[in-house]
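Any value given below was found using the heavy atoms of this structure, including those in side chains, with hydrogens, waters and symmetry copies removed. Just so we're on the same page: letters track the sequence lines, and every chain starts at 1. Fair warning: this is a prediction, and the values are worked out from it, not measured in the lab.
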There are 2 protein chains.
Amino acid sequence: MTKTIADIAKLAGVAKSTVSRYLNGGSVSDRTRENIERIIKEQNYVPNTFAQSLKAKRTNFIGTVVPRLDSYATSQTLIGIDEELRKNHYQMLIANTSQDLDREIEAIYDFARQKISGIILLAAQVTEAHLTAIHDIRIPVILVGQQHDQVHSLVHDDKRAGWLMGRHILDQGHRDIVYLGVTEKDRAVGVYRKEGVKQALETCPDCRVRYFETSFKMTDAMAAATRILEDAKPSVIVCATDNIALGVIKAAHLKGVRIPEDLSVTGFGGYDITEMIHPALTTVKYHYFQAGEQAARHIIQLVLEQPVDRLSVLDVELIRRESVDNL
Amino acid sequence: MTKTIADIAKLAGVAKSTVSRYLNGGSVSDRTRENIERIIKEQNYVPNTFAQSLKAKRTNFIGTVVPRLDSYATSQTLIGIDEELRKNHYQMLIANTSQDLDREIEAIYDFARQKISGIILLAAQVTEAHLTAIHDIRIPVILVGQQHDQVHSLVHDDKRAGWLMGRHILDQGHRDIVYLGVTEKDRAVGVYRKEGVKQALETCPDCRVRYFETSFKMTDAMAAATRILEDAKPSVIVCATDNIALGVIKAAHLKGVRIPEDLSVTGFGGYDITEMIHPALTTVKYHYFQAGEQAARHIIQLVLEQPVDRLSVLDVELIRRESVDNL
DNA sequence: CTGAAAGCGCTTACAG
DNA sequence: CTGAAAGCGCTTACAG
């Protein structure tokens, strides 16, 4: 049924090795080249990748571990990874872990088992188990969105993002501020982003700043905001993510609190939707697509044993829109 | 370095075939079983999947072709596919085509080349080239979201969705109606969904209905809505997708048109975000996750050469929220 | 430039 | 229950 290299060789009147050489760009005479070319086309021959990989001991697979598939950040990053990988003739494999840490570890080992060449890890946390797995598999790994000294990392400048936002709301005259953040287990979002905001706000001695915590879910953020709006009466709520901001805005609408007249709200991320809602959300744009592209470039370099910076930091960009009032 | 079945066999003092049999659940005596088990654990042995696939002539890969990664519908469907595939020890491969029809065809052939066992195709259109490719590769294919008599298909009940929405706005007293749809090249969304609406509206002789077309992009929808709001003065705009509805709502906000007091708006899809915006969007919920699960189940059955319905239709559900006024 | 041969790491009849 | 042998479809030195 399906043709093998032997069939082609026989039809072309040459040895299998010659066909293989042709396939792999080795030196072949023009006559045999044309001959083989024609036969391959005629026979609709495609090489068996398993036989290739078995022999060559390597694959063109790059595995990507993602905590979730239904997030703007993940989607954009994946698209960037995929585009760049395609260009370089690598194929992306995705393992979705649905925010389950155990599955994350499992996925790493699974990928190793499949002899993929490298792993791109979009993790929210890096635990000991992660480090052990990364060490065990002896395959290049690059971390995206989080950093760790023992692993090649690519991150967004969370601290600067926080700082930009902190400065901005100060500039707009806000003095009574609520920061609605997330768990510190997520270093990037939970710690650095908040640190940036805090650092900017510390330049303002007469500011009142209160910190609250919620989850990444819009509904949880909504509930948290409802409580906050009952007790505190801040002029602005700085949310750790655009999704949280969306939840806060919803809560405000339901309570009849107008944005930005009664309450300013900000996010982080720069999701497409933040521009479409009303009022449009002031946020800090993260370059997820570019992060994906660069992560792909880095993992390929790592696979090819070329040097790569241990840490790359992507710039971020403040986007001023309508959800912040100028007091 | 990495262990092979031969190493394990030697250490266990048995033949390679015995180890293989153990691995594949064949009959082995308790003693050798325990022995092999122990050695495998000690040596941290993992079978080489390429050698397995080369010999066994099949893989546990299921390829999924998606037109885009950054859409709620795609994400949810992929999650459903992935979950179900995992359960059955299949691995999902994703090819993103960025809405490029040529890449879609290419992806199908690429998958075949990689000897994947089956393909799940989330296409917006089914062209001759698709049919040729599907026919050429001789691998089971299931179409999701679109239907075609020559291919196993799994669809949402677009016609009924349209009908439900048409009935609903009629029930709410709307008589001056604009339908903002998309290209008929997309049969499911462009034709059937619209047909459903039309069918419902035809029961209303004194209704005024006008049809417009836009793209799937929010920004295009926004521009289209801006024009529509200048000329026509409908009481409701029925949008072919939630994203289009989001664009329409944005345009309305910018023009100072209040929703739903001045204009009612509806969508299709049931994206999470539609609940968070204000006012919450009336829409028809599609069960993307379940579609993914079922598509996975079907493709597995097809791979195992079990019978599968040529066409499966998933139910949809009207969700009444605040964006439709009761006149 | 070309070919014969060995081998990648498995699985699968076939004997015993 | 167990083993020896052949073979899956390729690639890679090695000779010529």
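In this structure A/Asp7 satisfies the side chain to side chain contact (heavy atoms under 4.5 Å, CB included) test together with A/Lys3, A/Thr4, sequence neighbours excluded. Taking A/Ser71 as the reference, A/Thr74 meet the side chain to side chain donor-acceptor pair (under 3.5 Å) condition, with sequence neighbours excluded. Residues meeting the ring-ring contact (aromatic ring centres under 6.0 Å, His included) test with A/Tyr72, sequence neighbours left out: A/Tyr271. Contacts of B/Ser153 classified as side chain to side chain donor-acceptor pair (under 3.5 Å), with partners at least two apart in sequence or in another chain: none. With sequence neighbours left out, B/Glu305 forms a side chain to side chain contact (heavy atoms under 4.5 Å, CB included) with no residue at all.
B/Ser17 comes within 4.0 angstrom of a base, heavy atoms only. Residue contacts for B/Thr4: at a heavy-atom cut-off of 4.0 Å it reaches the sugar-phosphate backbone alone, with no base atom in range. Within 4.0 Å of B/Ser29, counting heavy atoms only, lie sugar-phosphate atoms of the nucleic acid but no base atom. Backbone-only contact: A/Tyr45 has heavy atoms under 4.0 Å from sugar-phosphate atoms and none from a base.
Taken residue by residue, residues 46-54 of chain B places heavy atoms nearer than 4.0 Å to DNA chain D at B/Leu54.
A nucleotide of DNA chain C counts as in contact with chain B when one of its atoms lies under 4.0 Å from a heavy atom; the first and last such, 5' to 3', are C/dG9 to C/dT12.
Among residue pairs with one or both ends in residues 7-41 of chain A, none qualify as ring-ring contact (aromatic ring centres under 6.0 Å, His included); sequence neighbours excluded. Identified under the salt bridge (charged side-chain N to carboxylate O under 4.0 Å, His left out) test for residues 81-93 of chain A, with sequence neighbours left out: A/Glu83-B/Arg103, A/Glu84-A/Lys87, A/Glu84-A/Arg297, A/Arg86-B/Glu106. Residue pairs that meet the ring-ring contact (aromatic ring centres under 6.0 Å, His included) test with at least one member in residues 88-133 of chain A, sequence neighbours left out, do not exist here. The ring-ring contact (aromatic ring centres under 6.0 Å, His included) pairs that include a residue from residues 136-158 of chain B are B/His156-B/Tyr286, B/His156-B/Tyr288, where partners are two or more places apart or lie in different chains.
Here A/Ile36 contributes atom CD1 and A/Ile8 contributes atom CD1; the two are 9.0 Å apart, rounded to the nearest 0.5 Å.
Where pairing requires Watson-Crick or G-U contacts shorter than 3.5 Å, the helical stems of DNA chain C with at least three consecutive pairs are C:1-3 with D:14-16, C:5-12 with D:5-12, C:14-16 with D:1-3.
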